[in-house]
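One structure below.
Counting starts at 1 for both ligands and their atoms, following the listed order.
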Amino acid sequence: MGNTATNSIESMSKNLQNVKCDFPILQKTFHGKRLTYLDSAASTQKPNAVIDCISNFLKNDYANIHRGVYALSQRSTERYEKARRDVAQFIHAKTPKEIVFLRGTTEGINLIANTFGRARVGQGDEVLISSMEHHSNIVPWQLLCLEKKAQLKTIPMFKDGSLDLSKIESLISSKTKLISIVHVSNALGTINPIKDIVEIGKKHDIPVIVDGAQSAAHLEVNVQELGCDFFIFSGHKVYGPTGIGALYGRYELLKEMPPYQGGGEMIESVSFEKSTFKLPPDRFEAGTPDIMGAVGLSAAIEYISEIGFDTIGKHEATLLKYAHKQLQQIKGLEIIGTALSKSGVISFVLDGIHPHDIATILDQDGIAVRAGHHCAQPVMDYFGVPATTRASIGIYNNEEDIDALVSALHHVQEIFK
Ligand code: PMP
């Protein structure tokens, strides 16, 4: 991509009015109703730009990468490595060498826990996370703590779903070896003050890992400005394919880290006595990677970069405000997660009606929302609910979608009267 995405951001701002037309699935009907897709926090839909790019790549440029001397393999390799450059530019890494391709956020956090974490955390040490983490930023640390006889600690939150940062200092000691924190909560929408948390981490010489699964599609991420040591996101939540994600790590740290998985492509030399390993990022990409996933992710990045985060941010903030206002007018509806700094995730409960029933009835009206614990059971426990219904916003949503949701919720209430 070179500078093209940045140039495009400046030169054109796509009209979000017509953006739905870029997504073929949004033209479909379900149960005879136009699809109102409000589940982008689970996964975003894919624009033609991504679908066509993958299809064209497979038709014209695909071969296995890195190993081939023939032209087609070199072309395919170049597309894969261009994707790495695109990701680096997208999140403002210093160099593409700081970008590791892997399956997604879950695999990224597991990679860090099993390499960096395992080397850094010892018996009696502590790992600090927040009380609003997705299970994928809890369980890998729990497993590590179990193995090392270390302790997992959590930064508490207030009832509006914002973190109580005043408690961080008292939770940190010389035993704290890592902080791993979600950028945007998938269950509450809260945008956490990563820069402040990194600053606290730096003061105590504690590396900070950021789970960017819910932020990368909605906020401009600048890892150098954030100052974090690691940042991970998933392709499928930024309008790209599933099966691909990216891990950013400061190069000095990546270089220190042992391999995660062993196999082809990550080695320098192998004998039965001993193997030596390549430098990062190759060291962490054992085996044939998701080549078409990376190429599709690069197309997705180009697509959202053309729209630009100024446009995306304004659109989604306006829509979130509208949704809050409309939903709060429904009697018996309570929004869970009302932090001032909030992204387009609206979790709610409706008096006397189970979220699964709500989501099932909404589906009959063509509305796709999620119901459950959203892989954040401790968040549900904190708010004293077994589950919530969650509507989440993407670039293609508009006021009409929110109106459809509100009207369908009235319908739900009618049924349960
Ligand atoms: N963290 C957060 C905050 C998430 O929302 C998700 C996905 N719901 C994940 C991590 C895991 O992402 P993935 O399933 O793509 O690995």
Side-chain angles (χ1 to χ4, degrees), residues 37-46 87 91 100-114 129-143 154-155 157 161-163 179-192 194 197 208-219 221 226 228 230-248 260 284 289-290 293-294 296-297 300 316 336-337 339 341-347 368-380 382 387-394:
Y37 189 76
L38 287 165
D39 197 20
S40 292
S43 201
T44 51
Q45 293 300 343
K46 318 304 168 200
V87 170
I91 59 169
V100 177
F101 281 128
L102 29 63
R103 274 196 301 129
T105 309
T106 304
E107 188 173 33
I109 297 172
N110 277 281
L111 186 156
I112 300 167
N114 282 292
I129 60 172
S130 86
S131 46
M132 64 176 82
E133 299 303 327
H134 186 279
H135 296 165
S136 60
N137 199 27
I138 302 175
V139 184
W141 303 117
Q142 259 170 352
L143 292 171
T154 53
I155 307 164
M157 63 177 149
S162 63
L163 278 185
I179 299 174
S180 191
I181 194 102
V182 70
H183 197 177
V184 172
S185 158
N186 68 309
L188 303 167
T190 312
I191 304 173
N192 285 318
I194 297 298
I197 295 166
V208 177
I209 298 148
V210 179
D211 168 352
Q214 293 295 341
S215 60
H218 307 284
L219 315 170
V221 171
L226 290 174
C228 55
F230 297 95
F231 183 94
I232 318 106
F233 72 97
S234 303
H236 70 99
K237 293 192 201 273
V238 298
Y239 308 96
T242 50
I244 186 80
L247 158 73
Y248 155 83
Y260 174 47
F284 301 107
D290 185 352
L297 174 58
E316 293 184 354
I336 307 282
S341 187
K342 191 176 161 171
S343 180
V345 171
I346 310 140
S347 262
V369 295
R370 197 145 289 247
H373 53 59
H374 317 294
C375 297
Q377 280 182 356
V379 173
M380 301 297 121
Y382 174 77
T388 70
T389 307
R390 182 186 72 186
S392 54
I393 289 169

Just say parallel, tilted or perpendicular for the rings of Phe231 and His183, cut-offs at 30° and 60°. perpendicular

Taking Ser136's backbone N and O only, do any of them form a donor-acceptor pair with His134's side chain (distance below 3.5 Å, no angle check)? yes

Show your working on side-chain hydrogen bond (donor to acceptor under 3.5 Å, both in side chains) between Ser234 and Thr105 and close with a plain yes or no. CA-CA 5 Å; Ser234 303; Thr105 309; 2.5 Å; yes

With distance as the sole test, does Glu316 use its side chain to make a donor-acceptor pair with the main-chain N or O of Ser343 at under 3.5 Å? no

Kindly write out the residues that satisfy salt bridge (Lys or Arg N to Asp or Glu O under 4.0 Å) with Asp290, not counting sequence neighbours, or none if the list is empty. none

Using a threshold of 4.0 angstrom between heavy atoms of the protein and any atom of ligand 1, which residues qualify? Thr105, Thr106, His134, Ser136, Val182, Asn186, Asp211, Ala213, Gln214, Ser234, His236, Lys237

Can any side-chain N or O of Arg370 pair as donor or acceptor with the backbone N or O of Ser392 at less than 3.5 Å? no

